Visitor: 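Quick one: structure below, then a few questions.
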2 protein chains.
Amino acid sequence: MTQASKTGKARRSWQDIRDEIHRRVLSRRYKPGDKLPRDEDIAEELGCARSTVQRAMQDLNDAGIVERKRKGGTQVRPDPVTRATLDIPITRVEVEARGARYGYQMLASGRETTPAPVAAAFGLAAPEEMLHIEALHLADEAPFILEDRWVSLATCPEIANVDLSVKSANEWLVMHKPYDRMDLRFYAVNASGAMAARLKLREGAALLVIERSTWIGDAPITTVRSVTTPGYQLLTGS
Amino acid sequence: MTQASKTGKARRSWQDIRDEIHRRVLSRRYKPGDKLPRDEDIAEELGCARSTVQRAMQDLNDAGIVERKRKGGTQVRPDPVTRATLDIPITRVEVEARGARYGYQMLASGRETTPAPVAAAFGLAAPEEMLHIEALHLADEAPFILEDRWVSLATCPEIANVDLSVKSANEWLVMHKPYDRMDLRFYAVNASGAMAARLKLREGAALLVIERSTWIGDAPITTVRSVTTPGYQLLTGS
DNA sequence: TAGTGGTCTAGACCACTAA
DNA sequence: TAGTGGTCTAGACCACTAA
């Protein structure tokens with residue numbers, strides 16, 4: 001019989017341990033840059049197993065609260081960062097979640113040599129021929145997101161046989177091409193004449209741009225620049 | 001002696017198990033919406049302990065790949081999402097990381113009643129008197145971020161005694177006010193006349209805005225709208 | 001109410017790396 | 001090279017919740 005069941009007091013979970021340590025960091029009992037006690041000592045102090053402390057610490061490490069090094073021990077991160085989790089759904093799902101009808105229009109598609117910014121996004125040594133697709137995502141018939149995408153034909157030769165005028169490259173890739181690295185960039189642009197025409201809005205409007213590049217190993221898969229429409233917001237919960 | 005050490009083959013870690021299951025999802029061996037085998041069966045198949053599968057599944061769950069329910073089992077999320085982690089450092093640290101000199105200027109500060117958008121960001125039932133601060137963060141003497149902040153005096157009465165013309169409210173809050181909930185919003189705006197004047201740029205320029213609100217329990221702490229300067233990008237690695 | 005996931009524990013051994 | 005974190009395992013018991 002465990003001590004907890006003897007006393008009738010619920011055992012503390014690793015989340016409880018994590019919260020307790022987090023409180024100590026926030027209350028400055030453990031200050032930024034400070035070294036924390038060893039997991040084993042914290043376990044003894046809080047009356048739990050070392051593995052429970054380890055699980056709690058792993059979470060605090062992932063959250064950017066502490067920094068852990070073998071032999072070096074655990075220390076409170078000297079430069080606090082705010083860490084947030086962003087969920088970026090497939091555009092179709094996003095539109096449907098707003099209760100709108102989703103539509104998709106391929107504007108252009110063909111093989112082209114990567115221009116400098118695209119080669120740079122992928123970190124390519126030399127330009128390469130890739131599949132270049134421009135497409136529009138619609139919500140209730142109105143332009144929603146303008147997408148400019150490059151897909152590596154070396155990494156994804158099968159995509160040459162997919163009819164991208166019906167289904168977006170986004171959906172095909174999500175379903176068929178696993179990636180293990182992703183880069184995201186968010187920034188604002190003034191709508192160029194071409195963007196304004198395609199999105200049916202005035203030139204110069206401030207638009208949020210989401211750029212995403214993915215790789216499998218060192219092989220580039222796709223890089224896409226999604227230009228959103230006015231009022232578009234990226235939201236985070238936590 | 002374990003089987004692994006007998007054969008000389010490294011035992012698989014929970015990350016390996018996670019990757020194996022992830023591969024199965026990506027290769028559509030487990031399709032979106034499909035129910036996965038029980039942890040115990042996967043453990044047996046892959047030759048590891050159930051707790052190792054549990055750890056792997058916890059990670060896949062956090063990453064939005066699968067959805068788990070007691071008794072209901074584990075299923076592949078029907079709507080794949082791209083989940084990314086964003087680190088937002090303190091502005092001073094961000095400026096210094098770019099190798100620039102950090103500067104801070106308080107533009108205005110005073111008690112005011114929250115206007116509708118601020119009350120809405122906090123989910124307040126009624127307007128409230130709060131501390132309102134406008135400030136400018138500088139990089140090498142040039143405007144970098146324009147900050148418009150409201151701090152709840154009910155939740156943070158101590159801040160009334162802090163000299164915010166020297167140190168930013170951001171830094172004081174990070175060090176003294178733990179929060180347990182945060183909302184983030186990102187969007188683009190055209191610079192208004194007032195913004196353009198303060199940031200020394202042309203009216204209408206497209207600017208990335210970062211809005212953040214924090215709470216401790218149900219009590220609002222602060223809400224801040226940070227207007228960045230042209231060229232500013234939010235980046236994610238993973 | 002039976003079945004599945006959630007968590008804990010103790011002990012073992014491994015893998016880094018500061019000293 | 002000694003010390004600290006990283007991970008595994010087997011078994012136990014708990015906590016939800018679909019059926």
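Because the structure is predicted, anything quoted here is derived from the model rather than measured. Each chain gets a letter, A, B and so on, in the order the sequences are listed, and its residues count up from 1.
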Visitor: Rounded to whole Å, how long is the line connecting atom CD of A/E67 with atom C1' of C/dC16?
Guide: 16 Å
Visitor: For Watson-Crick and G-U wobble pairs within 3.5 Å on both distances, what is DNA chain D written in dot-bracket notation, | included for inter-strand pairing?
Guide: ||||||||||||||||||.
Visitor: Donor-acceptor pair, distance only, cut-off 3.5 Å: does the side chain of A/R83 make one with the backbone of A/D62?
Guide: yes
Visitor: Would you mind listing every salt bridge (charged side-chain N to carboxylate O under 4.0 Å, His left out) that reaches into residues 211-228 of chain B, with sequence neighbours excluded?
Guide: B/R185-B/E211
Visitor: How about B/H137 and B/Y104: are their ring centroids closer than 6.0 Å?
Guide: yes
Visitor: What do you reckon, is CD of A/E44 surrounded by more than 12 foreign heavy atoms closer than 6.0 Å?
Guide: no
Visitor: Under 3.5 Å, is there a donor-acceptor pair between the side chain of B/T155 and the main chain of B/A219?
Guide: no
Visitor: Please check if the number of heavy atoms outside B/E40 that lie under 6.0 Å from its CD is greater than 12.
Guide: no
Visitor: Side chains of B/R24 and B/Y30: is there a donor and an acceptor less than 3.5 Å apart?
Guide: yes
Visitor: Test side chain to side chain donor-acceptor pair (under 3.5 Å) on A/R149 and A/T222; report intermediate values, then the result.
Guide: CA-CA 7 Å; A/R149 183 185 292 272; A/T222 189; 3.2 Å; yes
Visitor: Walk along nucleotides 4-10 of chain C from 5' to 3' and tag each nucleotide B, S or - by protein heavy-atom contact under 4.0 Å, base first, then sugar-phosphate.
Guide: BBBBSBB
Visitor: Rounded to whole angstrom units, what separation is found between the CD atom of A/E44 and the P atom of C/dG11?
Guide: 14 Å
